[in-house]
Amino acid sequence: MAVRLQDTLTGETRPLEPLEPGHVRIYSCGPTVYGPAHVGNFRSFLFADLLVRYLRYRGLRVTWVMNVTDIDDKIIKRAQEADETIEALGNRWIERFLADAAALRLTTPDVLPRATRHIDEIVGLIERLEAGGHAYRTPDGSVFFRISSWPAYGRLARLDPTQLRVGERVESDEYGKDDVRDFALWKGAKPGEPSWDTALGRGRPGWHIECSAMSMRHLGPSFDIHTGGVDLVFPHHEDEIAQSEAATGAPFVRTWLHCAHLRLGGEKMAKSTGNIARVVDLLEAGVSPRALRYALLAVHYRQGLDYTETALAAAGAAIDRLDAFVAALDLYRQDVADDPEVATVLRASRNAFEAALDDDLNISAALASVFELVRDVNRRIDARSISTADARSILAAVRDLDRVLGLLPDGGVDLDPRVAVLLDDRAAARAARDWSRSDALRDELLGLGVAVEDTRDGQRWRRAESQA
RNA sequence: GGCGACGUGGUGAAGUGGCUUAACACGGAGGUCUGCAAAACCUCUAUUCAGCGGUUCGAAUCCGCUCGUCGCCUCCA
């Protein structure tokens with residue numbers, strides 16, 4: 001059974017067949033670095049992360065490119081306001097992005113190309129478009145893509161180009177376009193704005209061209225999967241297809257994947273409206289990163305999702321359940337014969353997990369298979385019917401599935417020495433049946449974010465994620 | 001105005017023609033275990049899938065209409 005994905009362009013759900021067998025090339029639209037990312041941005045990054053992790057789990061080689069937009073109108077404006085270069089501003093926010101990404105356990109992309117480092121590729125691409133009659137210059141030194149030269153324009157977004165609501169809020173004709181629907185490939189230099197001296201003249205790249213140039217540079221003229229939020233379907237990805245295919249004559253992307261919006265207060269989360277929850281703010285407020293990851297990941301990517309405190313708390317509780325499960329398996333010791341059913345249970349669980357994710361990344365069903373396993377195994381733990389070795393192999397199997405999910409607590413985390421001492425003291429107090437002391441130590445540990453529980457296998461502890 | 005998605009319990013959500021009088025998670029009620037607590041386990045928590053009509057031996061699942069929500073057509077993940 002192969003991984004099947006729903007392509008935005010055709011609407012079909014097709015088996016993934018990489019252009020190069022066994023090697024999947026993926027490009028994801030990444031952050032625009034003029035401020036901190038919000039959780040909606042990360043929803044789309046995490047959905048791409050899930051895809052990449054799953055394909056790798058499936059044994060495929062994946063080359064994952066995520067671009068960083070470090071030159072655009074807003075970045076220029078912010079840099080001017082802060083009296084710094086766009087380079088410095090970009091560096092600052094890239095660092096913030098990487099920190100947020102690490103906290104949310106985003107797989108590090110293989111390449112994180114920056115637009116400003118690909119000016120040559122961008123210029124080269126625009127020159128090819130000009131040579132092919134798909135682009136034209138305006139008196140101010142800008143270059144535009146001529147939509148009328150590309151009949152397939154509008155296919156991705158299912159828009160009729162002649163029906164676009166021209167003149168309402170479409171970018172004004174300040175650059176002297178032939179047709180208001182044409183989009184900028186290159187913007188002629190303006191005083192006070194960063195610009196590059198190139199064969200096209202002085203100026204800077206438009207927004208869409210960078211993704212065509214960088215994806216081609218790092219993945220070739222045709223590649224397998226391109227991801228992004230639905231809000232990028234039009235015009236960004238539509239424009240990418242037009243300019244890429246017009247330049248190369250090759251089909252640009254095999255499968256387009258778009259993630260639905262994250263909502264806040266019932267409305268789309270978007271920087272422009274200020275309707276956002278920033279990742280960095282949440283992390284600083286002590287929200288558990290794993291709970292946040294769970295909340296953003298646990299709903300199918302094409303389904304709209306509301307970001308709420310309730311959902312975050314529920315996600316934290318689900319994470320706690322997983323943590324308790326891992327802790328129980330870790331500590332479990334029972335000298336009995338191996339349970340012959342364990343292998344069957346694990347196999348069924350893995351099959352269900354893979355069948356779910358094969359089906360266009362059905363994460364809800366995949367998580368269900370994990371939680372069904374959790375309950376089944378907890379029953380066996382209660383009954384003491386599995387062996388120590390069984391517990392080991394179950395834990396190994398669950399950790400293997402977690403290569404895809406990235407939700408389980410880190411194994412072998414360094415325990416704060418202070419905490420270790422308290423745990424030892426408490427174990428000693430319990431051995432001496434000194435309940436008041438052991439209870440006091442338990443409270444103290446909880447204050448340090450460590451939940452202690454007593455079981456037949458002894459005292460066990462775990463990080464109290466949902467306490468955050 | 002054009003185009004599209006969606007509407008399942010207290011909440012999120014899977015299921016898209018019979019395996020489902022509906023998975024899984026969260027929440028709630030009761031119970032078992034336990035020095036206590038927590039965790040875990042057990043039982044219960046939608047005879048019903050927005051409403052109405054139709055197709056079918058059979059529908060949450062297909063078709064039509066109605067109502068409602070959200071999105072795209074503009075910077076945006």
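In what follows, chains carry the letters A, B, and so on, assigned in the order in which the sequence lines appear, proteins first and then strands, with residues in each chain numbered from 1. As the structure is a prediction and not an experimental result, all values here were calculated from the model.
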Salt-bridge test for Lys187(A) and Asp73(A): reply yes if a basic N is under 4.0 Å from a carboxylate O, no otherwise. yes
Closest non-hydrogen atom pair, Thr227(A) against Ser28(A): OG1-OG, 2.8 Å
At under 4.0 Å between heavy atoms, which parts of nucleotides 33-40 of chain B does protein reach? Answer with one letter per nucleotide, 5' to 3': B base, S sugar-phosphate only, - none. --BBBBSB
Roughly how many Å apart are rU8(B) and rC44(B), using the P atom of each and rounding to a whole number? 25 Å
Side-chain donor-acceptor pair present, Asp390(A), Ser387(A), cut-off under 3.5 Å: yes
Please compare Tyr294(A) and Gly229(A) by the position of their nearest nucleotide in RNA chain B and report the one closer to 5'. Tyr294(A)
Assigned partner base of rA59(B), Watson-Crick or wobble definition, under 3.5 Å: none
Between rG28(B) and rC33(B) - P atom distance, rounded Å: 23 Å
Using Watson-Crick or G-U wobble geometry with both distances below 3.5 Å, tell me the partner of rC36(B), or none. none
With both distances under 3.5 Å as the test, what is the Watson-Crick or G-U wobble partner of rG64(B)? rC52(B)
How many whole angstroms separate atom CG of Leu156(A) from atom P of rC73(B)? 13 Å
Is there a donor in the side chain of Asp70(A) and an acceptor in the side chain of Tyr34(A), or the other way round, less than 3.5 Å apart? no
Ignoring backbone atoms, test whether His261(A) places a side-chain nitrogen or oxygen under 4.0 Å from the OP1 or OP2 oxygen of rC72(B). yes
Check whether any side-chain N or O of Lys271(A) sits under 4.0 Å from OP1 or OP2 of rA77(B), and answer yes or no. yes
Nearest-Å distance once atom C1' is located in both rA23(B) and rA46(B): 14 Å
Short side-chain donor-acceptor distance under 3.5 Å, Tyr54(A) and Glu354(A): no
Measure CZ/Arg302(A) against C1'/rA5(B) and give the value in whole Å, please. 10 Å
Please report whether the ring centroid of His208(A) lies less than 6.0 Å from that of His237(A). no
I'd like to know if the side chain of Gln334(A) pairs up with that of Thr388(A) as donor and acceptor (distance under 3.5 Å, no hydrogens or angles considered). no
When you check the side-chain N and O atoms of Asn91(A) and Arg114(A), is any donor under 3.5 Å from an acceptor? yes
Would you classify Gly228(A) as touching base, sugar-phosphate or nothing, given that sugar-phosphate means primed atoms plus P, OP1 and OP2, and contacts are heavy atoms under 4.0 Å? sugar-phosphate
Write down the distance between CG (Asp72(A)) and C1' (rA77(B)), rounded to a whole number of angstrom. 14 Å
At 4.0 Å (heavy atoms only), tell me whether Ala314(A) reaches a base, stays on the sugar-phosphate, or touches nothing. sugar-phosphate
Which nucleotide, in any strand shown, forms a Watson-Crick or G-U wobble pair with rA5(B), with both distances under 3.5 Å? rU69(B)
Can Asp140(A) and Thr138(A) be counted as having a side-chain donor-acceptor contact under 3.5 angstrom? yes
Thr107(A) and Asp49(A): side chain donor to acceptor below 3.5 Å: yes
Any side-chain heavy-atom pair of Trp435(A) and Arg430(A) under 4.5 Å: yes
Atom pair distance, as rounded to whole Å: CZ in Phe371(A) and P in rC26(B): 6 Å
pair_partner(rC26(B)), Watson-Crick or wobble, both distances < 3.5 Å, evaluates to rG10(B)
Partner of rU21(B) under the Watson-Crick or G-U wobble criteria, both distances under 3.5 Å, comes out as none
Atom NE2 of His226(A) to atom P of rA77(B): distance rounded to whole Å? 13 Å
Lys268(A) (side chain) and rC70(B) (base): donor-acceptor pair under 3.5 Å: no
Would you indicate what His258(A) reaches in the nucleic acid, counting non-hydrogen atoms under 4.0 angstrom: base, sugar-phosphate, or nothing? nothing
Spacing of the C1' atoms in rC3(B) and rU21(B) (rounded, Å): 39 Å
C1' gap between rG10(B) and rU55(B), integer Å: 35 Å
Please give the distance between the C1' atoms of rA38(B) and rG12(B) as a whole number of Å. 25 Å
What's the CZ-C1' distance between Phe234(A) and rG2(B), to the nearest Å? 13 Å
Nearest-angstrom distance from the residue atom CZ of Phe183(A) to P of rC75(B): 12 Å
Both Gly266(A) and Ala270(A) contact RNA chain B. Taking the nearest nucleotide for each, which residue is further toward the 5' end? Gly266(A)
Establish, from distance only, whether the side-chain atoms of Asp360(A) and Thr13(A) form a donor-acceptor pair under 3.5 Å. no
Nearest-angstrom distance, C1' atom, rG9(B) to rA22(B): 10 Å
Reading nucleotides 11-18 of chain B 5' to 3', which nucleotides get B (base under 4.0 Å from a protein heavy atom), which S (sugar-phosphate only), which -? --SSS---
When the distance from NE2 of His236(A) to C1' of rC72(B) is rounded to whole Å, what number comes out? 16 Å
Rounded to whole angstrom, note down the P distance from rG15(B) over to rG27(B). 24 Å
